[in-house]
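As structure tokens, the structure follows; a few thoughts come after it.
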Amino acid sequence: MSQDQSPATPQRLTPQSEDFSKWYGEVVQRAQLADHSGVRGCIVFRPYGYGIWEHMQRLLDRRIKATGHENAYFPLLIPESLLQKEAEHVEGFAPQVAWVTHGGNKELEERLAIRPTSEAIICSMYSKWIESYRDLPVLINQWANVLRWEMTTRPFLRTAEFLWQEGHTAHATAADCQAEVLRMLEVYRDFVETELAMPVYPGPKSDAEKFAGADMTYSIEALMKDGYALQAGTSHNLGQHFAKVFDITYQDEQGVRQHVWQTSWGVSTRLIGGVIMTHGDDHGLQLPPRIAPVQAVVVPIWRKPEDRGSVLAFIEKVKEALGDRVRLLVDDREQYSPGWKYYEHELRGVPVRLEVGPKDVEKSAVMSVRRLDRKKESIPLDQIATRLPALLEEVQADLFKAAQELRAANTSSATSIEDLVRHFVTEGKRGFVALPWTGDARLEAEIKERCAATLRCIPLDQSPFDGLAPAGGRVALFARAY
RNA sequence: CGGGGCGUGGCUCAGCCCGGUAGAGCACCUGGUUCGGGACCAGGGGGUCGGAGGUUCAAAUCCUCUCGCCCCGACCA
């Protein structure tokens, strides 16, 4: 460490303040989350990035099942005739659909769409399966990939092919249906806030922003560090539109034929992008412990060869003490110095680092360092099994708190469109702006036109905006969005 | 889809304008010394210049087409 002009120093990460997009791309690449595939808009999920998705899946799947849903799998290909049944739906997705036209060398009689979403194929099956009120509700989820021919793409945030889960349910009554829509919206809120430490505003969207073919779309809206909003999940009330065109009916208790009421809801690998932009900093990625493939990394340190054995032996004891309580990586690569590893694992967002050197072995302790603030704490070996998991939970909570504070600092209010224009255009600010809202579609269009900001949602919980709207009124949140 | 930029060892890039048969730094491999915030020395391997076609005695370099990536707009989870 004598010279600071070391030519070996790798390229620094572009700071967020300098160029947020560039920062994002560098983090994705250098943390080895994903790579470009050579196929337009399609990324490769590298093991570390896919590992994050696997933890998300596990934690969300648990919640989906706990609310009574079962997983199933429907085909990737959807016959054109099926896709075209629901007019609004087709119209919404038509520009983004990729088609299979040949089987081998033979041209198909009917083109097959690569699913942009699975309402059509699932509804066609529901019409076969549902006969009686006793068959309801049908509560099915599928984990799948979908393909949408997007104009511009960005890793995770908008890719042509992406991974998601899509829930599709059918109910006997409008009330049951609406209850399901709100239930899953709440599942998403809880999942995203608890596991991803990403605060969100849940609420309905305007007609202009709703899903193609839905009566009503609800979303959870998050705020990224650059002040742009991100739609982090959606829950749609499909009403009876699909039931009517796909002829999904049941006989009620009086023997009367009724159309079912349906919902669909989904979150995607876009959430990975959300995590990157919610928690990442100038040192790189920062993962909430709950979804981190590596929750703590052990970095062995030694000066003299004779220390090597005792350090490694001590690390074995640490591993043994922790068992499977913590997802631990021992970085015993000998070609890198400890300092190099610190940078590396900070870049990759590992929440906690455990330094183990001769001094620690002597004290029978490890030196923990939080990725978030580099706060150090020596943890005795006989306490590691309880202290480290607790420390990880503290980090999880602190990440959420930091994200909440950032959002609070970037949420403001307005009482007129002129306020919005001043905020987004004149002053060039970002973030959420709450505006009293009566549902005026023309005003919404004007705001979009003049501010490039869209109505993100009308928060279900209006309490943070008390007093802004006249008594009995509501506010809507506007933001520029990804 | 419109405007702009860019594809040269794994990465960042030089070479291209003024064609003559490919270079640097980092990374990688081997050996040794190192290791508490990106170590050092010595030796070594690797690219036919995104792809296709054309011009030419000769193409990374000129021309055409095409694919991919990045940025800015319009559309979308």
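Basis for what follows: all heavy atoms, side chains included, without hydrogens, waters or symmetry-related copies.
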- Can you check the A:Glu355 CD to B:C35 P distance for me, whole Å? 16 Å

- Query: Looking at RNA chain B, which of residues 344-352 of chain A put a heavy atom within less than 4.0 Å of it?
  - Reply: A:Glu344, A:Glu346

- Toward the 5' end of RNA chain B, by each residue's nearest nucleotide, A:Pro300 or A:Lys448: A:Pro300

- Message: Taking any heavy-atom pair under 4.0 Å as a contact, classify A:Phe162: base, sugar-phosphate, or nothing.
- Response: base

- Query: When rounded to the nearest Å, what value does the distance between P atoms of B:C16 and B:U55 take?
  - Reply: 25 Å

- Item | Pairwise P distance for B:C70 and B:C63, with rounding to whole Å | 26 Å

- Item | A:Tyr342 and A:Trp340 aromatic centres sub-6.0 Å | no

- Message: Under 4.0 Å, heavy atoms only, any strand: does A:Lys341 hit a base, just the sugar-phosphate, or nothing?
- Response: nothing

- With a 4.0 Å cut-off on heavy atoms, is A:Pro95 in touch with a base, just the backbone sugar-phosphate, or nothing at all? nothing

- Message: Does B:C40 have OP1 or OP2 under 4.0 Å away from a side-chain N or O of A:Tyr336?
- Response: no

- Rounded to whole angstrom, note down the C1' distance from B:G15 over to B:C71. 25 Å

- If we take the C1' atom in both B:C41 and B:G37, what is their distance in whole Å? 23 Å

- Message: Whole angstroms only, please: what is the CD-P distance between A:Glu209 and B:A77?
- Response: 8 Å

- Message: Could you check whether any side-chain N or O of A:Gln165 sits under 3.5 Å from a backbone N or O of A:Val267, counting only pairs where one atom can act as donor and the other as acceptor?
- Response: yes

- Decide whether a cation-pi geometry holds between A:Arg148 and A:Phe162; the criteria are a distance under 6.0 Å from NZ or CZ to the six-membered ring centre and an angle within 45° of the ring axis. no

- Message: Heavy atoms only, 4.0 Å cut-off, all strands: where does A:Leu157 land among base, sugar-phosphate and nothing?
- Response: base

- Item | Rounded distance in Å between the C1' positions of B:C11 and B:C57 | 38 Å

- Query: When we call it a touch if two heavy atoms are under 4.0 Å apart, what does A:Arg353 touch: a base, just sugar-phosphate, or nothing?
  - Reply: base

- Under a 3.5 Å limit for both distances, which nucleotide forms a Watson-Crick or G-U wobble pair with B:G37, could you say? none

- What integer distance in Å separates A:Glu150:CD from B:C1:P? 13 Å

- Whole-Å gap separating P (B:A77) and NZ (A:Lys210): 13 Å

- Query: When all nucleic acid strands are considered with a 4.0 Å heavy-atom cut-off, which category describes A:Arg308: base, sugar-phosphate, or nothing?
  - Reply: nothing

- In the structure shown, which nucleotide is the Watson-Crick or G-U wobble counterpart of B:G19, with both distances under 3.5 Å? none

Every protein N/O lying under 3.5 Å from an N/O of nucleotides 68-73 of chain B:
| unit_1 | atom_1 | unit_2 | atom_2 | d |
| --- | --- | --- | --- | --- |
| B:C69 | OP1 | A:Gly41 | N | 3.0 |

Return all side-chain donor-acceptor pairs below 3.5 angstrom for residues 308-315 of chain A, not counting sequence neighbours, or 'none' if the list is empty.
| unit_1 | atom_1 | unit_2 | atom_2 | d |
| --- | --- | --- | --- | --- |
| A:Arg308 | NE | A:Glu334 | OE2 | 3.0 |
| A:Arg308 | NH2 | A:Glu334 | OE2 | 2.3 |
| A:Ser310 | OG | A:Asp307 | O | 3.0 |

- Query: How long is the span from the CG atom in A:Leu76 to the CG atom in A:Asn145, to the nearest 0.5 Å?
  - Reply: 6.0 Å

- Task: Check the distance between B:G37's C1' and A:Tyr343's OH and give it to me in whole angstrom.
- Result: 5 Å

Which donor-acceptor pairs under 3.5 Å do the side chains of residues 95-102 of chain A make with protein atoms, sequence neighbours left out?
| unit_1 | atom_1 | unit_2 | atom_2 | d |
| --- | --- | --- | --- | --- |
| A:Gln96 | NE2 | A:Glu150 | OE1 | 3.4 |
| A:Gln96 | NE2 | A:Glu150 | OE2 | 2.8 |

- Message: List the residues meeting side chain to side chain donor-acceptor pair (under 3.5 Å) with A:Lys65, not counting sequence neighbours, and say none if there are none.
- Response: A:Asp61

- Message: Quick check on the 6.0 Å ring-centre criterion: do A:Phe156 and A:Phe45 meet it?
- Response: yes

- Message: Looking at B:G45, which nucleotide sits across from it as a Watson-Crick or G-U wobble partner, both distances under 3.5 angstrom, or is there none?
- Response: none

- Message: Regarding A:Ser268, tell me which of base, sugar-phosphate or nothing describes its non-hydrogen contacts under 4.0 Å with the strands shown.
- Response: base

- Task: Could you tell me the separation between the OH atom of A:Tyr342 and the P atom of B:C35, rounded to a whole number of Å?
- Result: 13 Å

- Task: Assign each of A:Ile301 and A:Gln96 to its nearest nucleotide of RNA chain B by heavy atoms, then name whichever residue's nucleotide is nearer the 5' end.
- Result: A:Ile301

- Message: Without decimals, in angstroms, what is the distance between A:Asp307 CG and B:U34 C1'?
- Response: 13 Å

Distance-only donor-acceptor pairs under 3.5 Å for side chains of residues 370-379 of chain A, two or more places apart:
| unit_1 | atom_1 | unit_2 | atom_2 | d |
| --- | --- | --- | --- | --- |
| A:Arg370 | NE | A:Asp373 | OD1 | 3.0 |
| A:Arg370 | NE | A:Asp373 | OD2 | 3.4 |
| A:Arg370 | NH1 | A:Asp398 | OD2 | 3.1 |
| A:Arg370 | NH2 | A:Asp373 | OD2 | 2.9 |
| A:Arg370 | NH2 | A:Asp398 | OD2 | 2.8 |
| A:Arg371 | NE | A:Leu285 | O | 3.3 |
| A:Arg371 | NE | A:Glu346 | O | 2.9 |
| A:Arg371 | NH1 | A:Asp281 | OD1 | 3.4 |
| A:Arg371 | NH1 | A:Asp281 | OD2 | 2.9 |
| A:Arg371 | NH2 | A:Asp281 | OD1 | 2.7 |
| A:Arg371 | NH2 | A:Gly284 | O | 3.3 |
| A:Arg371 | NH2 | A:Leu285 | O | 2.9 |
| A:Arg371 | NH2 | A:Glu346 | O | 3.4 |
| A:Asp373 | OD1 | A:Lys375 | N | 3.1 |
| A:Arg374 | NE | A:Glu346 | OE2 | 3.4 |
| A:Arg374 | NH2 | A:His283 | ND1 | 3.4 |
| A:Arg374 | NH2 | A:Glu346 | OE1 | 2.8 |
| A:Glu377 | OE1 | A:Arg387 | NH2 | 3.0 |
| A:Glu377 | OE2 | A:Arg387 | NE | 2.6 |
| A:Glu377 | OE2 | A:Arg387 | NH2 | 3.4 |

- Query: Can you check the A:Glu306 CD to B:U34 P distance for me, whole Å?
  - Reply: 11 Å

- Query: Contact class for A:Thr159 (heavy atom, under 4.0 Å): base, sugar-phosphate, or nothing?
  - Reply: base

- Message: Less than 6.0 angstrom separating the ring centers of A:Phe432 and A:Tyr201, yes or no?
- Response: yes

- Given the C1' atoms of B:U12 and B:G47, what is the spacing between them in whole Å? 15 Å

- Message: Looking at B:C69, which nucleotide sits across from it as a Watson-Crick or G-U wobble partner, both distances under 3.5 angstrom, or is there none?
- Response: B:G5

- Message: Taking the six-membered ring for Trp, are A:Phe74 and A:His168 closer than 6.0 Å centroid to centroid?
- Response: no

- Side-chain N or O of A:Ser337 closer than 4.0 Å to phosphate OP1/OP2 of B:A39: yes

- Item | Watson-Crick or G-U wobble partner of B:G25, both distances under 3.5 Å | B:C11

- Of the nucleotides B:G36, B:A77, B:G37, which has the atom closest to the A:Arg148 side chain? B:A77

- Task: Taking atom C1' in both B:A74 and B:A58, compute the distance separating them and give it to the nearest angstrom.
- Result: 47 Å

- Is B:U56 paired to anything, Watson-Crick or G-U wobble with both distances less than 3.5 Å, and if yes, which nucleotide? none

- Taking atom C1' in both B:C28 and B:C67, what distance in whole Å separates the two? 29 Å

- Query: Between atom OG1 of A:Thr269 and atom CG of A:Leu157, what is the distance when rounded to the nearest 0.5 Å?
  - Reply: 9.5 Å

